[in-house]
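For clarity, every value in this text was computed on a predicted model and none was experimentally measured. Every chain is numbered from 1, with letters handed out A, B, ... down the list of sequences.
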There are 2 protein chains.
Amino acid sequence: MQYFSISEIKGWDRFYRTNFINSLQGYKPVSLIGTINEKGQKNLAIFSNIVHIGADPALIGFINRPVEAAPHTISNIKITGHYTINHVHTSFIAAAHQTSAKYASDTDEFGTVGLTPSFKEGFLAPFVGESHIQYGLQLVEIVPISHNNTFLVIGNITHVFLNEGLVQKDGFIDAEKAGTVASLGIDGYYTTGLVDRYEYAKPGRAPRKLDRF
Amino acid sequence: MQYFSISEIKGWDRFYRTNFINSLQGYKPVSLIGTINEKGQKNLAIFSNIVHIGADPALIGFINRPVEAAPHTISNIKITGHYTINHVHTSFIAAAHQTSAKYASDTDEFGTVGLTPSFKEGFLAPFVGESHIQYGLQLVEIVPISHNNTFLVIGNITHVFLNEGLVQKDGFIDAEKAGTVASLGIDGYYTTGLVDRYEYAKPGRAPRKLDRF
């Protein structure tokens, strides 16, 4: 195998190192986060550093980069307490990726990249109309990560909107059927193909494929 | 679209709700985390709630469930400060999934599920020999998440081991070539297919596919 020590990696060109470290973790749940500020200015940005924290309460976290580098999403969330997370599908990868450009604070990325803001009753932040899997969150806590000035933004899932026909009989959501993509590194987008689902594992029993969904 | 409020979701059967909430986030970077305790007892467990925190310093986080539910990994990391994260490939999905069974603390999951512990000089925790993308981490901080008694375990990447031929000329690691799988929900495993990589996005310029890698 090839071996790379952190001291060697630290000496690399910044762009090369960014690609390497960002793809080391493997596939990521890339999504668009929609927010709005007190003036009604909408913001839409692509995030892949999203992590499931728990199912009950239903908590999701995402990493917001340092505020100087990525101010709009976190500042809007602090103002309204509401944000939306929307899956990216093969049909609009280019538009989703384009939201990563450093637009001015008064730019509405929805209009600029050509995606449709969708407002739902009782929820302040805009969803992405093109997305087949959308969920709305209420801010729970922003945890500062002192080691690199990032933030773990934790939210409670409060609203879920899914296209018809995506929920299987045991509650599993068929993201492949929805055309959801996975990401790798900072710029790679992938389709997926199911290998198998497995039964709940128990000691002393061989792994079994789940074939009843 | 179908709408589900959190109050409706809370009323569902626990297993149905777990499948639903765990798959809502989309694809996850499923990997095996290898640890060891002060007696030399090895532990191997599958995790999918892994999140990139930053490239320089190279920080990765993962969510450890409440200590009562998942004690071994976090306790070993506290003891040695070292742990390994190893990609799961199509060739050993069943063995990787089987590590999620609730084994007794004196069970060595490597031997039990049939994966090979691989020790590297100067690093305490075992890597997974079958994995083509392996990295070693030094514990930086364990952040308690009070809302559900989980923990964000933050580590610094210190060692990276990759099969030959996986790093592209701009530093991107070709996880698809390595046979790395993505996961969905608590039990679904997927292969991937590259759609495209995109250039760094800039305001006022249409998104461009990257074709020079």
Rounded to the nearest 0.5 Å, how far apart are OH of A/Tyr135 and CD1 of B/Ile21? 9.5 Å
Would a 4.5 Å heavy-atom cut-off, applied to side chains only, mark B/Leu24 and A/Leu162 as touching? yes
Any B/Leu152 side-chain heavy atom under 4.5 Å of A/Val143 side chain: no
If every non-hydrogen atom of B/Gly171 is compared with every non-hydrogen atom of A/Ser23, which pair is closest and at what distance? O-OG, 4.2 Å
For B/Met1 and A/Gln134, run side chain to side chain contact (heavy atoms under 4.5 Å, CB included): C-alpha distance rounded to whole Å, both residues' side-chain angles, the deciding distance at 0.1 Å, then the answer. CA-CA 10 Å; B/Met1 299 187 93; A/Gln134 317 167 0; 3.6 Å; yes
If we only count heavy atoms from C-beta on, is the A/Ile93 to B/Val195 side-chain gap below 4.5 Å? yes
Take a 6.0 Å sphere around OH of B/Tyr3 and say whether it holds more than 12 heavy atoms from other residues, nucleotides or ligands. yes
Is B/Arg65 atom CZ crowded by more than 12 heavy atoms from other residues, nucleotides or ligands, each under 6.0 Å away? no
For A/Pro207 and B/Ala94, work out which heavy atoms get closest and say how close. CG-O, 3.6 Å
Is any side-chain heavy atom of B/Asn19 closer than 4.5 Å to one of A/Arg197? yes
Closest non-hydrogen atom pair, B/Gly54 against A/Asn148: CA-ND2, 3.7 Å
For a 4.5 angstrom cut-off between non-hydrogen side-chain atoms, does A/Lys202 reach B/Lys102? no
Shortest non-hydrogen contact from A/Ala55 to B/Thr18? CB-CA, 4.4 Å
Counting only heavy atoms from other residues, nucleotides and ligands, does the tally under 6.0 Å from NZ of A/Lys209 exceed 12? no
Does B/Ile186 form a side chain to side chain contact (heavy atoms under 4.5 Å, CB included) with A/Tyr200? I'd like the steps, not just the answer. CA-CA 9 Å; B/Ile186 56 172; A/Tyr200 184 81; 5.8 Å; no
Going by heavy atoms in the side chains, are B/Tyr190 and A/Glu176 under 4.5 Å from each other? yes
Is a donor on one side and an acceptor on the other found under 3.5 Å between the side chain of A/Gln25 and the backbone of B/His52? yes
List the atom of B/Tyr27, the atom of A/Thr192, and the distance in Å for their closest heavy-atom pair. OH-OG1, 2.8 Å
Contact origin within A/Ile145 toward chain B - heavy atom pairs under 4.5 Å: side chain
Take A/Asn22 and B/Phe172, measure what side chain to side chain contact (heavy atoms under 4.5 Å, CB included) needs, and give me the verdict at the end. CA-CA 8 Å; A/Asn22 275 274; B/Phe172 187 88; over 6 Å; no
Can you tell me if A/His97 uses its side chain to pair, donor with acceptor, with the backbone of B/Glu199 under 3.5 Å? yes
Nearest heavy-atom approach of B/Ile173 to A/Phe20 is CD1-O, 3.4 Å
Is there side-chain contact between A/Tyr198 and B/Tyr189, with at least one heavy-atom pair below 4.5 Å? yes
If we ignore hydrogens and angles and just use 3.5 Å, is the side chain of A/Gln2 paired with the main-chain N or O of B/Val160 as donor and acceptor? no
I would like to know whether A/Val51 and B/Ile50 meet side chain to side chain contact (heavy atoms under 4.5 Å, CB included); could you show each step before the answer? CA-CA 7 Å; A/Val51 66; B/Ile50 299 170; over 6 Å; no
Which bit of B/Ile60 is near chain A, if near means a heavy-atom gap under 4.5 Å: side chain, backbone, both or neither? side chain
State, with a plain yes or no, whether a side-chain heavy atom of A/Ile53 is found less than 4.5 Å away from one of B/Asn49. no
Return the CG to CD1 distance between A/Asp56 and B/Ile9, rounded to the nearest 0.5 Å. 10.5 Å
Give a yes or no answer on whether the side chain of B/Thr191 reaches the backbone of A/Gly193 with a donor-acceptor pair at less than 3.5 Å. yes
